[in-house]
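Bear in mind the structure is a predicted one, so any value in this text is a computation, not a measurement.
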Amino acid sequence: MTELKLSESRDLTRIERIGAHSHIRGLGLDSSLEPRDVSEGMVGQAQARKAAGVILQMIKDGKIAGRAILLAGQPGTGKTAIAMGMAKSLGLETPFSMLSGSEIFSLEMSKTEALMQAFRKSIGVRIKEETEIIEGEVVEIQIDRPAVSGAASKTGKLTLKTTDMETVYDLGTKMIEALGKEKVQSGDVIAIDKASGKITKLGRSFSRSRDYDAMGPQTKFVQCPDGELQKRKEVVHSVTLHEIDVINSRTQGFLALFTGDTGEIRAEVREQIDMKVAEWREEGKAEIVPGVLFIDEVHMLDIECFSFLNRALENEMAPILVVATNRGITSIRGTNYKSPHGIPIDLLDRLLIITTQPYSEDEIRKILDIRCQEEDVEMSEDAKQLLTKIGHETSLRYAIHLITASALNCQKRKGMVVEVQDITRVYSLFLDVRRSTQYLMEYQKEYMFNEASIVDGGDADADAMHD
């Protein structure tokens with residue numbers, strides 16, 4: 001007898017990509033908002049994390065709408081990591097959208113429209129709706145198919161029961177099709193929405209579970225519903241203001257949400273939606289969930305965007321704005337004026353500023369441990385010590401880059417654990433900023449468009465960094 005070989009199939013439960021911040025699970029705070037030393041992928045930055053935790057608590061309590069927070073610190077000190085931690089801690093219910101300052105200039109719409117859409121994506125609306133549903137366990141389905149096809153439509157009867165009552169319903173063609181589509185059979189517990197006729201299978205009834213039944217692993221057993229068959233249920237839909245804008249915009253319509261080509265949305269549409277949402281709020285039909293808009297590299301925005309942000313923050317429908325920058329005193333884009341962080345003083349005045357500090361050698365070691373675990377790399381103790389030293393002397397980002405590269409080198413020499421020799425090898429192959437700058441200084445004559453006159457002797461790489 002020939003053996004039947006089944007083709008192997010592998011389920012991808014998540015996109016298996018390791019990103020720069022894929023190890024972040026939250027802010028790593030305890031119940032009293034005190035930062036734990038190493039928790040949820042976060043290391044060090046105790047002050048900044050505690051401040052972010054306070055902000056987070058205010059967001060959850062709905063007390064901080066229309067405020068803005070600035071995360072300021074040197075490159076590689078965990079600003080984006082803190083923002084990602086905030087996003088993870090907020091949960092799925094609170095909208096969080098992320099934007100880079102330079103993205104706004106590459107979109108096919110005006111800068112203010114792009115910012116407005118980002119703002120509206122960060123504001124959720126929970127719409128409450130009361131619907132009548134029929135919920136019960138299917139006792140029996142009888143479908144009478146006509147002898148001659150096309151002569152008459154299918155008719156049938158559906159018997160549903162709860163613990164208290166049992167009723168027989170007459171079925172029309174549409175309902176028979178819906179039951180067939182959902183593969184409903186006797187013993188299933190179902191819910192039928194009276195308004196739309198939508199059938200939802202809640203699971204199998206416990207009373208029908210038998211040891212000898214062939215069941216799939218995804219089969220769910222539920223109790224037979226009690227009380228009356230017809231019930232009024234409150235359904236809550238969570239949408240963002242931007243989604244409502246797109247659906248109500250005549251030019252795009254519903255499909256634009258999937259294509260992403262939303263184009264510019266007229267101000268009148270937004271005004272009408274705001275009025276409608278305000279009306280629903282007064283009637284108690286809807287509630288506003290102010291989310292978070294995170295703009296990284298905020299110094300890339302220009303003076304027009306900053307003045308727009310200033311005004312947009314005063315709007316009652318404003319989300320919490322979190323911006324991050326690694327710049328010191330620099331020019332405001334679009335002007336000749338210099339300002340701290342490249343942000344105009346009037347906007348800086350509205351910001352609560354959280355600063356991040358450079359990591360100590362001990363903290364770099366802990367981060368490298370977490371990254372090795374995340375990237376599935378076995379590394380010896382000596383190799384980790386060397387990598388920590390490299391991270392402390394160059395930059396944390398450079399040290400993290402060397403993890404995967406040294407793992408590949410280890411694989412090539414058929415080793416199981418990354419040793420010092422692997423790190424030394426990749427360290428000689430890939431330069432960090434300082435060594436690259438020194439190399440440029442030595443061989444500057446061979447490069448095109450060289451401006452050697454800028455740097456003359458002394459601490460060459462430090463001067464080069466200033467220019």
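Residues Ile303 and Gly334 share a closest heavy-atom pair of CG2-O, 4.3 Å. Scanning all heavy atoms of the two residues, the minimum distance from Cys305 to Ile104 falls at SG-CG2, 4.5 Å. Closest approach of Ser97 to Ala118, counting heavy atoms only: OG-O, 3.5 Å. Nearest heavy atoms, Glu363 versus Pro358: OE1-O, 4.5 Å. The two residues Pro319 and Ile123 come nearest to each other via the heavy atoms CD-CD1, 3.9 Å. Heavy-atom minimum distance, Arg397 versus Pro75: NH1-CB, 4.1 Å.
For residues 48-58, every residue pair satisfying the side-chain hydrogen bond (donor to acceptor under 3.5 Å, both in side chains) rule, not counting sequence neighbours, is listed here: Glu34-Lys50.
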* To do: Applying side-chain contact (heavy atoms from CB on, under 4.5 Å), run through His242 and Met116 and close with a yes or a no.
  => CA-CA 9 Å; His242 176 67; Met116 181 53 103; over 6 Å; no

* **salt bridge (charged side-chain N to carboxylate O under 4.0 Å, His left out) between Lys181 and Glu177, intermediate numbers included** => CA-CA 6 Å; Lys181 202 175 170 187; Glu177 278 176 16; over 6 Å; no

* Go through the steps for Ile265 and Arg120 under the test side-chain contact (heavy atoms from CB on, under 4.5 Å), then give the verdict. => CA-CA 11 Å; Ile265 294 162; Arg120 310 272 292 185; over 6 Å; no

* Would you please test Ser406 and Met379 for side-chain contact (heavy atoms from CB on, under 4.5 Å) and show each step? => CA-CA 9 Å; Ser406 55; Met379 197 177 280; 4.2 Å; yes

* Asked: Yes or no on side-chain contact (heavy atoms from CB on, under 4.5 Å) for Val38 and Ile370, after CA distance, side-chain angles and deciding distance?
  -> CA-CA 10 Å; Val38 180; Ile370 293 169; 3.9 Å; yes

* Asked: When you look at Arg365 and Glu381, which way does the salt bridge (charged side-chain N to carboxylate O under 4.0 Å, His left out) test go after all the steps?
  -> CA-CA 11 Å; Arg365 170 62 197 261; Glu381 199 62 34; 2.6 Å; yes

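Under the 4.0 Å criterion applied to side-chain N and carboxylate O atoms, Glu393 and Lys389 are assigned as salt-bridge partners. Ion pair Arg270/Asp274 not flagged as a salt bridge, since none of the NZ, NE, NH1 or NH2 atoms sits closer than 4.0 Å to an Asp/Glu carboxylate oxygen. Asp432 and Arg435 are joined by a salt bridge, as a carboxylate oxygen and a charged side-chain nitrogen come within less than 4.0 angstrom of each other. Contact check on Arg36 versus Asp30 returns no salt bridge, with no Lys/Arg side-chain nitrogen under 4.0 Å from an Asp/Glu carboxylate oxygen. Under 4.0 Å is where a charged nitrogen must lie from a carboxylate oxygen, and between Asp296 and Lys79 no such pair does.
Gln45 places a side-chain N or O within 3.5 Å of a backbone atom of Thr77 that can act as its donor or acceptor partner. Side chain of Asp346 to backbone of Asp349: no donor-acceptor contact under 3.5 angstrom is found. A donor-acceptor pair under 3.5 Å links the side-chain atoms of Ser339 to the main chain of Ile343, judged by distance alone. Under the 3.5 Å distance criterion, the side-chain polar atoms of Lys201 are matched with a main-chain donor or acceptor of Lys183.
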Exercise answer: donor-acceptor pairs, residues 276-287 side-chain atoms, under 3.5 Å, sequence neighbours excluded:
| from | atom 1 | to | atom 2 | distance (Å) |
| --- | --- | --- | --- | --- |
| Lys276 | NZ | Glu279 | OE2 | 3.4 |

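Two residues are said to be in side-chain contact when any heavy atoms from C-beta on lie closer than 4.5 Å; Cys410 and Val417 fail this criterion. Side-chain atoms of Asn315 and Leu313, non-hydrogen and from C-beta on, never get closer than 4.5 Å to each other. Residues Phe105 and Lys111 meet the side-chain proximity criterion, which asks for heavy atoms closer than 4.5 Å. Side-chain atoms of Glu378 and Met416, non-hydrogen and from C-beta on, never get closer than 4.5 Å to each other. Met175 has its side chain within reach of Ile199: a pair of non-hydrogen atoms, C-beta onward, lies under 4.5 Å apart. Between Leu241 and Lys121 there is no side-chain heavy-atom pair separated by less than 4.5 Å. Under the 4.5 Å side-chain criterion, counting only non-hydrogen atoms from C-beta, Ile55 is in contact with Met86. Annotation: side chain of Val125 is not in contact with side chain of Val289 (no heavy-atom distance under 4.5 Å).
No hydrogens or angles considered: nothing links the side chains of Glu297 and Ser100 as a donor-acceptor pair under 3.5 Å. Inspection of the Gln117 and Glu113 side chains reveals an N or O donor paired with an N or O acceptor under 3.5 Å. Checking Asp382 against Ser380 by side-chain atom types alone, no donor-acceptor pair falls below 3.5 Å. For Thr325 and His341, the side-chain atoms include no donor-acceptor pair closer than 3.5 Å.
Going from atom CG of Asp422 over to atom CZ of Arg425 covers 10.0 Å, rounded to the nearest 0.5 Å. The structure places CG of Leu202 at 6.5 Å from OG1 of Thr200, a figure rounded to the nearest 0.5 Å. Within the model, atoms CG of Asn326 and OG1 of Thr356 stand 9.5 Å from one another, a figure rounded to the nearest 0.5 Å. Interatomic distance, Ile69 CD1 to Leu351 CG, rounded to the nearest 0.5 Å: 8.5 Å. Note that CG of Leu402 is 9.0 Å distant from CG of Leu386, once rounded to the nearest 0.5 Å. Taken from CZ in Phe119 to CG in Leu293, the straight-line distance is 6.0 Å, to the nearest 0.5 Å.
With a 6.0 Å radius and a threshold of 12 heavy atoms from other residues, nucleotides or ligands, Arg350 has its CZ atom above the threshold. Annotation for Arg232: atom CZ counts as buried by contact number, over 12 foreign heavy atoms lying within 6.0 Å. The 12-atom threshold is not exceeded at NZ of Lys198, counting heavy atoms of other residues, nucleotides or ligands nearer than 6.0 Å. By the neighbour-count criterion of 12 heavy atoms within 6.0 Å, atom CD of Glu132 is densely surrounded, having more than that number from other residues, nucleotides or ligands. Applying the 6.0 Å contact sphere to CD1 of Ile345 captures more than 12 heavy atoms from other residues, nucleotides or ligands. By the 6.0 Å contact criterion, CD on Gln421 is enclosed, its count of non-hydrogen atoms from other residues, nucleotides or ligands being greater than 12.
Taking the six-membered ring where the residue is Trp, Phe294 and Phe96 present parallel rings, their angle staying beneath 30° rather than reaching 60°.
No cation-pi contact links Arg333 to Phe306, judged by a cut-off of 6.0 Å to the six-membered ring centre and 45° from its axis.
Applying side chain to side chain donor-acceptor pair (under 3.5 Å) to Arg371 and the options Gln373, Glu374, Glu375 leaves one that passes, Glu375.
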